[in-house]
Asks: 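Quick one: this structure, given as structure tokens, is what I'll be asking you about.
The chains referred to below are lettered A, B, ... by the order of the sequence lines, with proteins before strands, and numbering in each begins at 1. Heavy atoms only: backbone and side chains are in, while hydrogens, waters and symmetry mates are out. The structure presented is a predicted model; accordingly, all values stated were derived computationally and were not measured.
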Amino acid sequence: MTAPELPRLNNRQVAEIFADIGDLMLILGENRFKIIAYQNAARTIAELNQDINAVHAAGALRDIPGIGQAIAEKIDELLTTGSIPFYNKLTEQVPAGVVAMMRVPDVGPKTAKRLWEELDITGVEGLKAAAAAGRIRELKGFGAKSEEKILKGIELLARRQNDRTPIGSARPLAEGLIADLLSALPPGTIQKIELAGSLRRWRETIGDVDILAVSEQPVAVMEAFRALPQAVDILGAGDRKSSIALPNGMQVDIRVVEARHWGAALAYFTGSQAHNVAVRERAQKQGWSLNEYSLTSDGHPDFPDGTDRFFETEEALYAFLGLDWVAPELRENRGEVQAARQHSLPRLIELADIVGELHSHTTFSDGKATLEEMAAAAQAKGYEYWNVSDHSIGLGVTQGVDAGALAEQRAEIDRLNGEYAAAGIDFRLLLGTEAEVLADGTLGLPDDVLATLDVVVASIHTGLRQDRETITERCLKAVRNPHVDILGHPTGRLIGRREPSEIDLERVLQACAETGTIVEINANPARLDLSGAYARRAVELGCKLAINCDAHSVDQIDLLPYGVHTARRGWLTAADVINTRPLDEMLGMLKDRNIRNIAR
DNA sequence: GCCGTTTTCGGCCCGACTGTTTTCAGTCG
């Protein structure tokens, strides 16, 4: 008798189960360090850049930091039998809706447990009704204000569709807030102000916006902040710390510190929590306790306990602990603290390293600007080369280029390149296409047409719901086509709106490494595809990458920083990215057939 | 439950703010 086929669980689904275990244990009041272990495991699995099933099959679960014997066994149970007895026991003890109540701001495990046990409330709906009916004040330690807070929290929860906001929405909002705050105060009130938290680390989604400032007049800053027109709600109002809610439900926290606290405070509020813990452990070993203001001696042989050391910059703080300064994008406790100690952090790619774009659109397909307008904008931005890569025919939703349109584009590009050359401008247009990878893995244009182009990007836009084997084989077929230079937005995800396809990235990236196909980091903040984590994996497997804006309008050329910071989250250096290279060198890194087309 | 450049046992970050308290527990980041 063979075991019934189990549905395959992806990393996110496995991570959710372990996060749920952590939440259930919180409510049941289990040992907090065990809870932290489950929470860490959940986070690690969610951010893992390899398929958990593959790691499991290879017997390498224990190699994942934060996964020990007990959790490895539970993952094994889950993947081989489809369930975890330990987890089942927990869910039997706590009604399903009780964990969900913890999503309401200010409702934590203790509160949720009391609401359930003492008032028999087992869900957010019941909580809302009880608060509205004034039943919660019956509990010792709760009053009318608690009910108000709960109702407000539920409202806030409903207003934001997702827990986290894509960085592409959050960053402009946050930058606007800072600008408005500065203009609401007399010049000089704020000496320093910076985004901290996940925005400074350039995570792809943002929970809360964290702003850190230095000012001699913290109260004035607090008042101006809470009076901002974007504040639909005041969630906290202290002398040095305040929180507001924005119309989209996003929470913004501001904190004002003294100038001498800046280094420790910026490090503290940039996080991540896991990175902070690792740095703090390092400090402790040296006899220092680290908080958001300073290092305080605690068991240090040379300083009496309680001696403070202040740092005006992060660099000074890290240096004091014997660490190189760690770029915020790396602060996820993925080996960066050890590398900082060994002075082996990579020299990360920077925005200025990018000299060319290899994926862009014009009115020949679904772009908003003409070829000439895009070229002028690109040239004005200082690019050295620019690949025009309109959608090929084959993508149903938009008009695409065929051989005739490509000939037209070639003529226009030749004319413009001639003008640049005559004017002594160091800028070169290339002709390519974003070839549609059709459902069977063939491309939207025939090979003899692709062979005439300078740089071919191949992308999947439709059929993203194909099963894992089908979409992987389809993509592999495109990658193995000798005319395909770049694999565009490999997973097809749209952050917060569409999950990545089920594609087996490990196999695809291996094939890219073998064939010399360049892998794209699509800089559009809705995509960021590959992600930083998978970009790192791609480099580990021997791939080269390209960071592309995929601009459909002149404005979208400005999205490049999202791509560069994503690459930095993947520990990438300029050497890993081909469009940091001068034109000839870049072309030489493509599957080599292109050289003959471009040399003239 | 995890982990090790003092440890295979004994640790595991810490302060601000809030609400309901007369000294603190809960939540959050």
Asks: Sequence neighbours excluded, which residues qualify as salt bridge (charged side-chain N to carboxylate O under 4.0 Å, His left out) partners of A:Lys128?
Replies: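 Scan of A:Lys128 (salt bridge (charged side-chain N to carboxylate O under 4.0 Å, His left out), adjacent residues dropped) gives none.
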Asks: Within residues 13-26 of chain A, find the residues that approach DNA chain B with a heavy atom at under 4.0 Å, and present them sorted by residue number.
Replies: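 Heavy-atom contacts with DNA chain B come from no residue of residues 13-26 of chain A; none.
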Asks: What is the per-nucleotide protein-contact pattern of nucleotides 3-12 of chain B, from the 5' end, where B denotes a base atom under 4.0 Å from a protein heavy atom, S denotes such proximity for sugar-phosphate atoms only, and - denotes neither?
Replies: S-BB-----B
Asks: Let me check something: any side-chain donor-acceptor pairs from residues 211-228 of chain A under 3.5 Å, sequence neighbours excluded? List them with distances.
Replies:
{"residue": "A:Ser215", "atom": "OG", "partner": "A:Thr189", "partner atom": "O", "Å": "2.7"}
{"residue": "A:Ser215", "atom": "OG", "partner": "A:Gln217", "partner atom": "N", "Å": "2.9"}
{"residue": "A:Arg226", "atom": "NH1", "partner": "A:Ser242", "partner atom": "OG", "Å": "2.9"}

Asks: Return a table of donor-acceptor pairs under 3.5 angstrom between the side chains of residues 315-323 of chain A and protein atoms on other chains or two or more places apart.
Replies:
{"residue": "A:Tyr318", "atom": "OH", "partner": "A:His275", "partner atom": "NE2", "Å": "2.8"}
{"residue": "A:Tyr318", "atom": "OH", "partner": "A:Arg331", "partner atom": "NE", "Å": "3.4"}

Asks: Using ring pair (Phe, Tyr, Trp, His ring centres under 6.0 Å) as the criterion, list what pairs up with A:His261, not counting sequence neighbours.
Replies: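 So A:His261 forms a ring pair (Phe, Tyr, Trp, His ring centres under 6.0 Å) with A:Tyr293, A:Phe310.
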Asks: Just distance, no hydrogens or angles: give the donor-acceptor pairs under 3.5 Å from side chains in residues 190-203 of chain A, sequence neighbours left out.
Replies:
{"residue": "A:Gln191", "atom": "NE2", "partner": "A:Gly188", "partner atom": "O", "Å": "3.4"}
{"residue": "A:Glu194", "atom": "OE2", "partner": "A:Arg200", "partner atom": "NE", "Å": "3.1"}
{"residue": "A:Arg200", "atom": "NH1", "partner": "A:Thr270", "partner atom": "OG1", "Å": "2.8"}
{"residue": "A:Arg200", "atom": "NH1", "partner": "A:Glu314", "partner atom": "OE2", "Å": "2.8"}
{"residue": "A:Arg200", "atom": "NH2", "partner": "A:Glu314", "partner atom": "OE1", "Å": "3.1"}
{"residue": "A:Arg201", "atom": "NE", "partner": "A:Glu332", "partner atom": "OE2", "Å": "2.9"}
{"residue": "A:Arg201", "atom": "NH1", "partner": "A:Thr270", "partner atom": "O", "Å": "2.7"}
{"residue": "A:Trp202", "atom": "NE1", "partner": "A:His565", "partner atom": "ND1", "Å": "3.3"}

Asks: Hey, could you give me each pair passing salt bridge (charged side-chain N to carboxylate O under 4.0 Å, His left out) that has a residue in residues 274-301 of chain A? Not counting sequence neighbours.
Replies: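 Salt bridge (charged side-chain N to carboxylate O under 4.0 Å, His left out) check on residues 274-301 of chain A returns A:Arg255-A:Glu292.
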Asks: Residues from residues 223-238 of chain A sitting under 4.0 Å of DNA chain B, heavy atoms only?
Replies: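 Listed by number, they are A:Gly236, A:Ala237, A:Gly238.
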Asks: Walk along nucleotides 23-29 of chain B from 5' to 3' and tag each nucleotide B, S or - by protein heavy-atom contact under 4.0 Å, base first, then sugar-phosphate.
Replies: ---SSSB
Asks: What are the residues of residues 120-132 of chain A, sorted by number, that bring a heavy atom to within less than 4.0 Å of DNA chain B?
Replies: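 Here the set is empty: none.
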Asks: Salt bridge (charged side-chain N to carboxylate O under 4.0 Å, His left out) with A:Asp558: which residues, sequence neighbours excluded?
Replies: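 Per chain and number, A:Asp558 pairs via salt bridge (charged side-chain N to carboxylate O under 4.0 Å, His left out) with A:Lys381.
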